[in-house]
Structures are given as C-alpha cells and as structure tokens.
> 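What follows is a structure written as structure tokens; I'll ask about it next.
Remember, predicted model here, so these are calculated numbers, not experimental data.
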Amino acid sequence: MAEPLLPVPLLPVPLLSVRGLTVRYGSVTALHGIDLDVDAGELVALVGPNGAGKSSTLAAVSGLVRPAAGTVTVAGEVVSGLAPERVVRHGVALVPEGRNIFTALTVAENLALGATIRRDAAGVAADLDRQLDRFPILRDRYGQQAGLLSGGEQQQLAIARALMSRPRLLLLDEPSLGLAPRLVDLVFETVAQLRREGLTIVLVEQNATRAVELADRTSVLRTGRIVRSGTADELGGGAAMAAEYLGEAGVTP
Amino acid sequence: MTTLVQALVNALNLGGLYALYALGVAMVFGILRLVNFAHSSLIMAGGYTLVFTASLPLVVRLALTVAVCVALAMVLELVAFRGVRSAAPETMLVTSFAVSMLLSSLAESLFGALPRSTDVDPVFRESWTFGQIYLPKINAVTVVVVVVLIGGLGLFLTRTPAGLRMRAAAEDFATARLLGVAANRVISLAFAISGVLAAAAAVLLLGANGSVTPTFGFNAVLFGLIAAVVGGLSSLRGAVAGGFVLGAASQLLQEALPVGLAPFRDALLFAAVFCLLVVRPQGLIRSGQGVRV
Ligand SMILES: Nc1ncnc2c1ncn2[C@@H]1O[C@H](COP(=O)(O)OP(=O)(O)OP(=O)(O)O)[C@@H](O)[C@H]1O
Ligand SMILES: [Mg+2]
C-alpha cells in the first residue's frame, strides 16, 4: 500500500492544465473561461458556494460535458472534446457527486467495471486486493448488491471503483457530502493517504475548511470564475478563507 | 382437462412469441431509452430473406436471415440513430417511426404489396396429436427457440465482461462511460442482439403464416412493445414476464369469449393493459429493484 499507484513521471508540463475553460448549459454559462494547473503529485482543492461551477469543472475535465471553449490537457495531451470513455484512458478518474454506484449490480461487479480500460488481469487482481484492504467493509460486502450499501459504504465503493482504473489524476466531487462525522473523517484520511501514495488529486468540497487545510493549494470558484488561488496560509487559513468566500456554510465548527 | 392443457400449450406458444418481440424492443430501450419501432423492419427483412433464399438448404437460410437482421440492425443504428442519440427522446421516437415506414415502402416498391410466400420447413406445418390434444410442431420449436435465446441472453449478460458492461450502461450510461465503457460499441451490440431476436421472430412468424408483406412485423412489434410496457420497459425480465402474461391473457380471452365477442379480443386485452398501467404505471416488474436488465 505504501508504493505509489503509479510512478509519477517528471513532466515538463503540469499533469492537468486547464485554459480558458467555458461550459454552457443552453443559455446558462456555468464556467467563464477558467484556468487551473495541477502538478503531478499535488492535491488541489476546489471550493465555492452552490452553483459556482465546481461540478461543471470536473465534468468538463472528465469529458462528461463538452466545453463551449477552452482546452484541457492531461500530461501534455489535449483531452477536451474527447468522449468520457476516451478521457479515462488518459488516466483521469472521476468520483461523481452523488457517487453514481450501479445499485443493481454487486460490489464485485462495480469494482470490475472500474477496471474496464485495463488489460493486465494480474495487475487488476492485485489492485482489487489493495482496494479491499483499503476499504475492508467492501470485502465483507463483496457479493452483495451495491444498492443495499449505506451512503458511507457507497462512497468507499465509488472511490475504490475509480482507483481500479489506476488513474494518475483523481477527481473527487464532494466525497464527504451527506456522511456521518466518523465517515467524513474516513474520507479525508483516505484522500490524505492517496496523496501520500503519490496520486494527483482535485478535491471539490463543501467542507471547505478541512479541504483547504489538507490541500497543497486551493482555488475558490464563484459564479463560474476563479476568484482566488493559493495555499491555506496565503488564503489566511482554512476557516478564515471559508468564512470570507463561502459564508457561514463553508465553515466547520 | 384436455381443453385446459390445449389452452396452456397455446398460451405458452403465444407468450413465447410476445416475449421474443418484447425482448427485442426492451434490449434497445434499456441502453438507449429509445422505443425502436424499426424493430419491425428487422423482422420484415428477415422474412424477405427467407423468401428469397427458398432454394437453399435450411441451415444456410437461417444463417443468412440472422446475418441480414443483425447487419441491418447495426446499419440502422449507425445511419439513423447515432446522429440523433443526444437529441430529445421524441426525436429518436419519430426517427424510429420514419425508418420503419421508409423501409416498409422500400420493400413495397421492390417486392410489391402482395404477400410473398415461402415454406420455411415442412416440419412447421406438421403436428403431434396426443389423444384430444393437438400440438403443432412449430409450437414446440417456438418454445425451444425462445427458451434457448432467453437463457443464452441471460448467460451472456450475467457471465461475460461484455454483458456486465451492458448491464452497467443500462443502469447509468454516463457513469459507465466514465469508467471506460465505449458508448458506440455497447449500443451497437444492443442493436445486434435485437437483430438476432428479430431473425428468430421472422423465422417463427413465417413458419406459422407462410407469407410476408411489407408490413410484416408491425403487429409483432406493437404487441412486443405493449408486453414490454406491461412488464416494465427497462427490465429484460419484465419484458419476458410481460410477453408471457400478455400471451396467456390473449389466449384466455380467445377461449373464454363468446363467439360474438371474439372480434373484440384485442380491444378487451388492451383495455386490461390500460387498467393495469393505471394501477401500476411502472409495469409488473419495477426497475431499480435489482432486476433491471
Ligand atoms: N445539466 C445542467 N443543465 C443546466 N444547468 C446546469 C446543469 N448542470 C449545472 N447547471 C448550472 O450550472 C451552474 C454550475 O453548476 P455546478 O453543478 O457546476 O455547480 P457546483 O459548484 O458543483 O454546485 P454544488 O455545490 O451545488 O454542487 C449552476 O447554475 C447550475 O444550475
Ligand atoms: Mg457540484
């Protein structure tokens, strides 16, 4: 578990580079040309109030929505405009808001689908073991229908499923949403652990204080624009930043 | 007793056919949320293939029928449906209507409006008699074909990686794509499977009727769609269950109705379907209970 998921290559360019990204839904413009760079091995938090465009950013990066303008490159290769099933082959995995577990399938089948893009059966088996060690509850529930899992268990399954593709970039959309405090802790510990393993992560969080303090850097989105970026210190500390930019809702008491 | 057994035999036969039609419709609906009226065109194409290959050995004719239905299904997906896939559901529905009308007029201009007949196999006209019970051999063939196809499809969906990808795509297409499931391939495969089901329907229908017209398959798809809706449109198990329920109900009405009312059989049947859907709009089997696909 200590070994990195992927040897992080020394890249002359950021692992993720977003330029002028614009997303429109009909007449609604959700993102107004944002720029964002994430270096290999970095954990970047993306925070902002409801409707700021956080999910839209992740959707555009992962190919779920086609940007109206702008480019997304992953390790120097342009992925904007590609279908999601092609973007995942560039090493991008998204854990969507609301988890999107296949409730009619078993835990085992959900995990197997996470490895859709892989051809190395032995490597897949080893990774499966690794993820079941990481989330022991999934081992207990392995043969069960995923729809019967609790919210926290589904979140663990969603993260494990995303990791089964061996991503180099993991996009997490509000992984702690709706979870009991104990499970919120588990999610944040998991994110910290994945970061230590060398994975590059973009973390979208409602729980801004904790996200900002965990992240190397944070970008604050508001009505489709990035209004501030920096480390927790540069932003004046997690709680202060959350209070300033998100109002009371973003502050963990 | 004998009339009961006879009714059961007939109900099983009709139910199997309806299940076959319903599965063809539900297969594509499950993935694409498209009610594919053009499924009737596939059955029609299969029928004409059997007519024009009458001089060949049966095995070759069957293979050609399957090949034509599968190829046409995949071509229709590529040419007619791929472009409108992201459009509103009504657009796809209208497209599927247009395609079935277009192909039926094309068949009429090429092959004429009159029925073209062929003998699929002499066996199809023979029957067994056990005392009072009359069992046409085609009924046995129908039941066997339906059971083998449903069983094979079930095994494919539950035991193979491609089947798993199809079930995932049927539950949540966007998430399946995020994980790397190729949309075009899954949709193409769903159409190909519906092509195999249409080929089987063409053989069994033609074996029973002996002739094909440009509108061959319209009724089949109508009943298949109703059966699928009765069963719960997005569940394959529902489609099969709906097929058998509709077939059995139809047969029951046939037996029970006084002669004077017989012409109203379908009207009564559809009235019953209407009442069922008022009570259970989701159909007999609801999806999201772990039974979807
Ligand atoms: N599919 C869609 N169709 C139309 N408008 C959309 C769609 N998805 C998002 N929007 C709009 O785009 C804007 C940004 O939404 P987005 O979901 O990206 O925000 P968010 O920051 O993730 O918010 P939240 O914290 O509520 O998840 C909002 O105004 C939202 O209403
Ligand atoms: Mg969101």
> Is it the backbone or the side chain of A:Leu148 that comes under 4.5 Å from a heavy atom of chain B, or both, or neither?
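Nothing of A:Leu148, per the 4.5 Å heavy-atom cut-off to chain B.
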> If we ignore hydrogens and angles and just use 3.5 Å, is the side chain of B:Arg177 paired with the main-chain N or O of A:Ala83 as donor and acceptor?
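Looks like no, no N/O pair under 3.5 Å.
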> Looking at every heavy atom in both A:Thr116 and B:Arg165, which two are closest together, and how far apart are they?
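What the structure gives for the nearest pair is CG2-CD, 3.9 Å.
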> Looking at A:Tyr25, I'd like to know if its OH atom is crowded, meaning that more than 12 non-hydrogen atoms belonging to other residues, nucleotides or ligands lie closer than 6.0 Å.
yes
> With a sphere of 6.0 Å drawn around CZ of B:Arg82, does it hold more than 12 non-hydrogen atoms of other residues, nucleotides or ligands?
yes
> Is it the case that over 12 heavy atoms from other parts of the model lie below 6.0 angstrom from the CZ atom of A:Arg24?
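Check fails, neighbour count at 12 or below.
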> Answer yes or no: does atom CZ of A:Arg118 have more than 12 heavy-atom neighbours from other residues, nucleotides or ligands under 6.0 Å?
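Yes, CZ of A:Arg118 has more than 12 neighbouring heavy atoms, counting only those of other groups under 6.0 Å.
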> Say whether, by atom type as modelled, one donor and one acceptor occur between the side chain of A:Glu85 and the main chain of B:Leu178 under 3.5 angstrom.
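Judged by distance alone, no pair lies under 3.5 Å.
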> Against chain B, label A:Ser165 side chain, backbone, both or neither, depending on which of its atoms sit under 4.5 Å from a heavy atom there.
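No part of it gets close to chain B.
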> Has A:Glu109 got a side-chain atom pairing as donor or acceptor with B:Leu164's backbone, closer than 3.5 angstrom?
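Not at all, since once roles are kept as given, no pair shorter than 3.5 Å links the two residues.
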> Please name the pair of heavy atoms, one in A:Thr103 and one in B:Glu171, separated by the smallest distance, quoted to 0.1 Å.
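In this case the closest contact between A:Thr103 and B:Glu171 is N-OE2, 2.5 Å.
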> For A:Arg66, does the CZ atom sit with more than 12 other heavy atoms under 6.0 Å from it, leaving out its own atoms?
no
> If you look at every heavy atom in B:Leu179 and A:Leu113, which pair is closest and at what distance?
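Looking at all heavy atoms of both residues, the closest pair is CB-O, 3.7 Å.
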